[in-house]
2 protein chains.
Amino acid sequence: MEALRLAIKQMIHISDEEFEQFVAQTCARTYRRQEILSVPDVVPNELFFIWKGLIRVMIPDQAGFDHTIHFALENQFIADYSSFLQHQPSLYTLQAVEETQVVVLPRSAIEWGYLHMQEGQKLGRLIAEFYFIYQDNRIKNMYARTPKQRYDSITDVFPNIHNRVPQHMIASYLGITPVHLSRLKKQS
Amino acid sequence: MEALRLAIKQMIHISDEEFEQFVAQTCARTYRRQEILSVPDVVPNELFFIWKGLIRVMIPDQAGFDHTIHFALENQFIADYSSFLQHQPSLYTLQAVEETQVVVLPRSAIEWGYLHMQEGQKLGRLIAEFYFIYQDNRIKNMYARTPKQRYDSITDVFPNIHNRVPQHMIASYLGITPVHLSRLKKQS
DNA sequence: AGCAAACGATAACAAATGTTTATATTTTCA
DNA sequence: TGAAAATATAAACATTTGTTATCGTTTGCT
């Protein structure tokens with residue numbers, strides 16, 4: 001829980017009392033390797049804060065084949081936030097790549113925070129802005145850089161990723177096939 | 001200005017007095033066809049609200065070739081918001097495709113809003129969430145759908161776009177060459 | 001109204017990327 | 001620990017996408 005407190009304190013001022021009340025509305029949960037945290041076609045009503053482990057986010061194409069679109073690491077918030085915000089059924093699957101321990105933030109706790117925490121709205125704004133910036137960088141990279149260039153700098157965004165996920169998931173994240181990534185690595 | 005008032009009122013409660021004070025800190029500006037609103041390598045300190053016209057956002061790759069990564073239409077806010085938030089030099093070029101009339105929102109006005117408007121933080125949160133959702137959709141589409149599928153549904157996101165921008169800009173937005181888009185259209 | 005530039009389609013060819021199959025190695029887990 | 005599954009590489013071939021050049025049409029601008 002201290003990791004969560006620190007993450008929040010980096011963004012807003014929050015009193016100990018506010019934090020204790022907020023945390024009382026959350027719970028801890030552990031997922032085993034490969035376990036699914038969130039399935040498609042269900043409205044997500046929980047956000048997760050990872051304090052140990054690694055989660056990947058996947059989306060199926062029309063043929064039903066899954067693409068890895070994101071990795072979430074320690075001290076990050078993760079969910080199908082878009083579906084959460086819109087109260088819409090999720091399109092994403094969230095899966096623990098390793099054994100993963102999270103704090104579960106139910107929608108009710110988030111709404112309580114907006115109403116009762118002094119800087120609740122500001123916290124929501126900063127989190128949305130943070131992920132906006134992250135996505136903006138991704139979109140920039142997709143337009144302006146080749147898969148090889150993105151592969152070569154992937155540890156800027158996901159430190160140590162090569163030791164934590166198999167290469168075919170990285171290929172999927174880059175939008176190419178595992179065979180092609182293997183080829184790109186061989187070139188220089 | 002009424003368009004801006006409506007856009008804000010769709011997101012938060014704002015008193016007439018608050019709005020008048022806010023608007024007093026803004027100004028209107030008109031850009032001619034092809035004119036540049038925002039150049040790279042400069043920290044952006046203005047946001048734009050479009051009430052007439054159409055703006056495209058571009059980014060250069062390593063070879064210096066520009067890619068169109070976004071179109072902004074009437075009643076939308078536009079800027080290199082990521083660079084604006086981070087106080088960093090922009091990577092984007094903003095260009096008016098048609099004659100375009102905007103309300104200019106200086107950084108000082110935004111900051112004033114956060115401090116003095118009752119629901120200023122909430123407005124900031126909702127705008128960041130709105131663009132987060134937009135970007136999330138884009139990323140989903142890039143992974144799960146082909147350029148042809150995205151072309152066929154582009155008017156969902158940019159109504160009437162085919163009558164307002166040349167096809168080669170749409171091709172650039174889709175991440176393909178104009179020649180290839182022409183080919184895709186011929187198929188079926 | 002007229003001219004120059006921009007635009008979109010097309011074809012031929014080149015380069016990049018995907019698909020399939022095979023193989024050797026590593027990892028998982030019962 | 002040992003067998004089954006997952007993983008990474010490789011090669012051959014197919015498909016997709018990019019590049020270049022041409023041509024007729026449309027558009028913008030004075």
Side-chain angles (χ1 to χ4, degrees), chain A residues 30-36 53-54 56 58 60-68 71 95-100 141-152 154-155 160-188, chain B residues 30-36 53-54 56 58 60-68 71 95-100 141-152 154-155 160-188:
Chain A
T30 300
Y31 292 96
R32 288 186 306 268
R33 197 182 145 68
Q34 312 271 30
E35 202 171 350
I36 304 297
L54 191 158
R56 70 166 168 153
M58 296 173 288
D61 60 24
Q62 283 196 325
F65 185 79
D66 269 320
H67 300 261
T68 296
F71 300 107
Q95 182 184 38
V97 176
E98 316 168 345
E99 171 160 315
T100 296
N141 282 339
M142 291 202 248
Y143 278 94
R145 305 178 67 209
T146 65
K148 180 63 161 59
Q149 291 171 326
R150 285 183 277 137
Y151 176 80
D152 289 337
I154 195 170
T155 52
N160 205 29
I161 192 75
H162 296 300
N163 301 316
R164 298 182 73 177
V165 311
Q167 185 170 298
H168 65 85
M169 289 184 193
I170 295 177
S172 178
Y173 175 81
L174 295 172
I176 61 180
T177 60
V179 176
H180 189 53
L181 177 54
S182 187
R183 250 189 315 231
L184 291 178
K185 284 172 67 178
K186 205 169 58 172
Q187 302 166 11
S188 89
Chain B
T30 299
Y31 293 95
R32 288 186 307 268
R33 196 182 146 69
Q34 313 271 29
E35 201 172 350
I36 303 298
L54 192 158
R56 70 166 168 155
M58 296 174 287
D61 61 25
Q62 283 196 327
F65 185 80
D66 270 319
H67 300 261
T68 296
F71 300 107
Q95 182 183 40
V97 176
E98 314 169 344
E99 172 161 314
T100 296
N141 282 338
M142 291 203 245
Y143 278 93
R145 305 179 68 207
T146 63
K148 181 62 161 61
Q149 291 172 328
R150 285 184 277 136
Y151 176 79
D152 289 337
I154 195 171
T155 51
N160 203 30
I161 192 73
H162 295 298
N163 301 317
R164 299 182 72 178
V165 310
Q167 186 171 297
H168 65 85
M169 289 184 193
I170 295 177
S172 178
Y173 174 81
L174 295 172
I176 61 179
T177 59
V179 176
H180 189 52
L181 176 54
S182 187
R183 255 191 309 234
L184 291 177
K185 284 172 66 179
K186 205 168 59 170
Q187 301 166 12
S188 92

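Below, chain A is the first sequence line, B the second, and so on; all start at residue 1. Every heavy atom of this structure was used, including side-chain atoms; hydrogens, water molecules and symmetry mates were not. Predicted, not measured: the structure shown is a model, and the values here were computed from it.
Rounded to whole angstrom, the span from the CZ atom of B/R32 across to the P atom of D/dG28 amounts to 16 Å. In this structure, B/R33 places its CZ atom 11 Å from P of C/dA6, rounding to the nearest Å. Per the geometry, CG belonging to B/N163 stands 15 Å off C1' belonging to D/dT27, to the nearest Å. Computed from coordinates, the B/I170 CD1 to C/dG8 C1' distance equals 12 Å when rounded to whole Å. The distance between atom CZ of A/R164 and atom P of D/dT7, rounded to the nearest whole Å, is 17 Å. Rounded to whole Å, atom P of C/dT19 lies 9 Å from atom CZ of A/F65. Rounded to whole angstrom, the span from the NZ atom of A/K148 across to the P atom of C/dA16 amounts to 13 Å. Here the P atom of nucleotide D/dG18 and the CG atom of B/L181 are 10 Å apart, to the nearest Å.
Side-chain rings of A/H162 and A/Y151 approach one another, their centers coming within less than 6.0 Å.
Contact check, B/Q34 against D/dG28: no side-chain N or O comes under 4.0 Å of OP1 or OP2. At D/dA11, one or more side-chain N or O atoms of A/K186 fall inside 4.0 Å of OP1 or OP2 (strictly under the cut-off). Listed pair B/K185 / C/dA9 meets the phosphate criterion, a side-chain N or O lying under 4.0 Å from OP1 or OP2. Within the structure, every side-chain polar atom (N or O) of A/Q167 is placed at least 4.0 Å from both OP1 and OP2 of D/dA6.
The residue A/R183 sits close to a base: some heavy atom pair falls under 4.0 Å. When heavy atoms are screened at a 4.0 angstrom cut-off, A/I176 is found touching the sugar-phosphate backbone but no base atom.
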Please report the C-alpha distance between A/F71 and A/M169 in whole Å, then the side-chain angles of each, then the deciding distance to 0.1 Å, and finally whether the side chain to side chain contact (heavy atoms under 4.5 Å, CB included) criterion is met. CA-CA 10 Å; A/F71 300 107; A/M169 289 184 193; 4.1 Å; yes
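Candidate nucleotides D/dA11, D/dG18, C/dG8 were compared by shortest atom distance to the side chain of B/T177, and D/dG18 ranks first. Relative to the side chain of A/V179, the nucleotides C/dA9, C/dT19, D/dT20 differ in distance, and C/dT19 lies closest.
A/L181 has its side chain within reach of A/Q167: a pair of non-hydrogen atoms, C-beta onward, lies under 4.5 Å apart.
Inspection of the A/K148 and A/Q187 side chains reveals no N or O donor paired with an N or O acceptor under 3.5 Å.
From A/I161, atom CD1 reaches atom CZ of A/R164 across 7.0 Å, with rounding to the nearest 0.5 Å.
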